[in-house]
Engineer: 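Below you will find the structure I want to go over with you.
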Amino acid sequence: MLKQRWGRIINVTSVFGQMGQAGQANYAASKAGLIGLTNGYCAGGRVRQHHLHAVAPGFIETAMTSGFSEDLNRTR
C-alpha cells in the first residue's frame, strides 16, 4: 500500500463495540478499539489514498445469541 500510494482496509467490528455487553468486556473492548482506530486514522487526514472503513453488522440470530435477554434481542 505504501509503495502503490493507494489501498483499502476494511475492519469488521460489532455493534457491541459501541454499546458493550454484559460478561463480554474483552470482546466489546476489542471491537471498540477497531472503531477508534478507524475514526482516528480518518480524522488524522489521509496523506495518501488509503481508505480505512469499519463495518458493524447488526444483531444476527445464531445459537450463540439465542440465550441473550429479550432487551438485547430488541436491538436488532
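Just so it is clear, the model here is predicted, and its values are computed rather than measured.
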Engineer: Can you confirm whether Leu52 sits close enough to Asn11 that some side-chain heavy atom of one is under 4.5 Å from a side-chain heavy atom of the other?
Structural biologist: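 A side-chain contact exists here, since the closest heavy-atom pair is under 4.5 Å.
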Engineer: Is the closest side-chain heavy-atom distance between Gln18 and Ile35 below 4.5 Å?
Structural biologist: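 SC-SC contact between Gln18 and Ile35 confirmed.
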Engineer: Under a 4.5 Å cut-off applied to non-hydrogen side-chain atoms, are Val55 and Thr13 in contact?
Structural biologist: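 No. Closest side-chain heavy atoms not under 4.5 Å.
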Engineer: Can Ile9 be reached from Tyr41 by stepping across I, L, V, M, F, W or Y side chains whose heavy atoms are under 4.5 Å apart?
Structural biologist: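 Looking at the clustering, Ile9 is in the same group as Tyr41.
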Engineer: Write down the atom of Ala56, the atom of Ser14, and the distance for their closest heavy-atom approach.
Structural biologist: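 The answer is CB-C, 3.9 Å.
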Engineer: From Phe16 CZ over to Lys31 NZ, what is the distance, rounded to the nearest 0.5 angstrom?
Structural biologist: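 Here the rounded value is 12.0 Å.
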